[in-house]
Amino acid sequence: MRAAHPATRPGDESGDRTHAAPEGHPAGDAEAGAAPAGTAARPEADGGPWWRDAVCYELYPRSFADGDGDGTGDLRGATARLDHLAGLGVDAVWITPFYPSPLADGGYDISDHTAVAPELGTLDDWDALTARAHALGLRVLVDLVPNHTSAAHPWFREALAAPAGGEARDRYVFRDGRGPGGRTPPNDWLSAFGGPAWTRVPGDGPGTGPAQWYLHLHTPHQPDLNWRNPAVAAEFERILRFWLDHGADGFRVDVAHTLFKAHGLPDAGHGQHTEPHRNHLMPYHDQEELHPLYRRWRTVLDSHPGADGTAAVGDRLLVGEVILFDQRRLARYVRPGEMGHVLNFAWTDAPWEGRALRAVIEETVAATDAVGAPATWTLSSHDTLRPVSRFGGGERGARRARAAALLTLALPGAAYVYQGEELGLPQAHVPEDRRRDPVWELSGYTDQGRDGCRVPLPWQGSTSPYGFSEAPPEDCWFPPPDDWAPLTVDAQHRDPGSVLSLYRAALRLRRAHPPRRTGRLRLLGPGSGEWLGFDRGPGLRCLVNFGPAALPLDPTDEVLLSSEPLHGHLLPPDTTVWLRPGPR
Ligand code: GLC
């Protein structure tokens with residue numbers, strides 16, 4: 001692994017240093033060009049709930065740790081490894097679906113929302129997990145999937161057996177088709193995974209009308225619920241309360257922008273799922289009725305008694321997976337009384353380029369400041385290409401991913417870390433015959449899908465599956481690659497120059513400079529495609545070099561941490577540094 005980051009130790013005088021900062025470079029015009037990105041006052045600047053500046057760790061249970069040796073990660077395995085998260089220094093763990101599921105979409109097709117998948121454990125195992133997390137000082141976020149159920153859910157089975165127009169079908173979105181014999185889908189909506197968003201079911205029987213179609217914005221195994229049916233809303237309140245009773249400190253709400261569909265189900269036209277910047281214009285996205293719903297859920301979370309019998313006003317967290325790129329539309333979900341966070345997909349999707357990242361920072365901070373909410377920053381998730389691969393793969397991708405991590409963790413607000421990001425894992429190759437993601441099939445075998453970021457975590461040892469399971473690699477959820485021995489938690493734990501050590505150091509320092517206490521963000525200079533810089537209050541400056549040449553640093557600034565070893569006062573290409581600005 002690489003040399004120790006403490007090449008960045010304060011007071012390290014070794015190496016060549018260039019003191020002059022050319023005009024337009026970060027050390028040269030920091031103050032003159034400073035432009036506040038967000039100016040609204042934050043009344044809670046010195047306090048507020050824990051989640052305002054939290055770091056939340058996304059745990060995908062099937063690939064985190066296997067406790068029973070069957071090759072699939074499970075709740076007991078996760079509980080036994082939670083100390084990794086505490087050691088990392090995160091505040092909360094978001095656990096992706098662990099419910100009974102036919103696994104048509106990695107567990108996001110749920111057949112019972114208030115139970116644990118038998119292969120992952122029992123409700124007692126869940127209670128033990130939350131108890132252990134709480135003992136370690138970690139909050140627990142449950143993944144709530146309200147847009148759809150599995151086709152194996154009892155409600156959908158009932159709907160299929162019921163006549164058109166009845167209550168059982170009204171919990172979902174059933175419609176007659178268009179054209180002769182109703183053979184054309186009710187409208188032009190497309191599934192996010194490819195193909196039409198409608199599937200036709202057999203007719204109700206002789207003389208009962210044409211066979212109907214049901215809506216599924218994802219796979220045909222995930223029928224969309226009808227959120228205008230009060231039984232659906234009541235059921236999800238029951239589900240919220242159930243998990244609150246079982247230790248949940250909040251919820252990540254799956255595709256939280258799609259629950260309501262525009263009245264009359266009008267055609268969506270072009271750009272569906274291909275022009276994400278127009279997402280908010282689609283008739284199945286961002287409908288106004290979502291906001292009263294989330295305000296209602298906020299009151300459920302605030303008023304539901306906790307384990308000690310007291311309510312927790314404002315302490316519990318709703319995180320929306322709201323896939324909108326218009327930051328002002330997005331910020332409407334985190335207005336007072338609604339959600340606490342929305343995941344920031346503009347950040348996840350941004351290229352490794354100073355101007356593009358600066359624009360996302362400016363828009364995000366301005367939009368969230370305007371509603372008094374924290375910004376959130378997400379580099380990756382179980383749905384995305386891992387940053388190392390997204391930024392070019394190999395050593396260059398790994399280097400940029402480290403720099404992107406330090407940039408992300410320096411920004412004000414909350415951050416999300418997807419399991420394995422803290423180990424610098426690349427996207428793994430999953431052999432065709434082992435692929436599970438429905439995207440592979442639904443794309444006509446053109447898109448490899450998301451399996452490569454869902455490969456089991458390497459924990460220790462020199463051979464696959466690296467302590468993930470007692471099972472042989474071929475029996476694991478996905479087979480871990482053969483060359484991950486240097487990436488195990490154990491190997492990186494012992495290496496001060498590892499990605500894991502970098503994350504730990506960053507999270508430790510972040511606690512010493514909590515964004516909520518150090519005031520607003522000030523972007524430095526005009527920036528350029530080649531560099532980006534900002535101050536977060538008086539105590540922390542972050543500079544990133546995207547360009548091909550080293551950038552001079554101000555020698556009076558104290559280096560707190562950098563994503564690569566520094567030699568002298570030079571910031572190498574594809575490197576981020578955290579500085580404590582010296583006296584000017
Ligand atoms: C969310 C999940 C994703 C899933 C989809 C449908 O986007 O993150 O994994 O496929 O919802 O439930």
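Ligands are counted one by one from 1 in listed order, and the atoms in each one are counted from 1 as well.
At a heavy-atom distance under 4.0 Å, no atom of Glu58 approaches ligand 1. Within the 4.0 Å heavy-atom criterion, neither part of Tyr60 lies near ligand 1.
Remark: Arg81 is positioned above the aromatic ring of Trp459, its terminal NZ or CZ atom under 6.0 angstrom from the ring centre and at most 45 degrees off the axis.
Classification of the Trp227-Phe236 ring pair by plane angle, with boundaries at 30° and 60°, yields tilted. Under the 30°/60° scheme for interplanar angles, the aromatic rings of His257 and His285 are found to be tilted. Phe156 and Tyr172 have perpendicular rings, their planes meeting at more than 60° on a 0 to 90° scale where under 30° would count as parallel.
A donor-acceptor contact under 3.5 angstrom links the side chains of His84 and Glu422, judged on distance only. In summary, the side chains of Asn187 and Trp198 do present a donor paired with an acceptor at a separation below 3.5 Å, with no hydrogens or angles considered. For the residue pair Thr199 and His216, a side-chain donor N or O sits within less than 3.5 Å of a side-chain acceptor on the partner.
The protein atom (non-hydrogen) at minimum distance from atom 10 (O) of ligand 1 is Asp105 OD2, 2.6 Å. The protein heavy-atom contact nearest to atom 11 (O) of ligand 1 is Asp254 OD1, 2.9 Å. The closest protein non-hydrogen atom to atom 7 (O) of ligand 1 is Glu321 OE2, 2.8 Å. Of all protein heavy atoms, the one lying nearest to atom 9 (O) of ligand 1 is Asp383 OD1, 2.7 Å.
Residue Phe193 has at least one heavy-atom neighbour below 4.0 Å for each of these atoms of ligand 1: 10 (O). Of all atoms in ligand 1, listed by their number and element, those nearer than 4.0 Å to a heavy atom of Arg450 are 3 (C), 4 (C), 9 (O), 10 (O). The atoms of ligand 1 that sit less than 4.0 Å from any heavy atom of Arg454 are 9 (O).
Every heavy atom of His216 sits 4.0 Å or more from the atoms of ligand 1. Residue Val145 places no heavy atom under 4.0 Å from ligand 1.
Any N or O atom pair closer than 3.5 Å counts here, and His148 shares at least one such pair with ligand 1.
Residue Asn344 is tested with Thr368, Thr364, Asp349 for a side-chain hydrogen bond (donor to acceptor under 3.5 Å, both in side chains); the sole match is Thr364.
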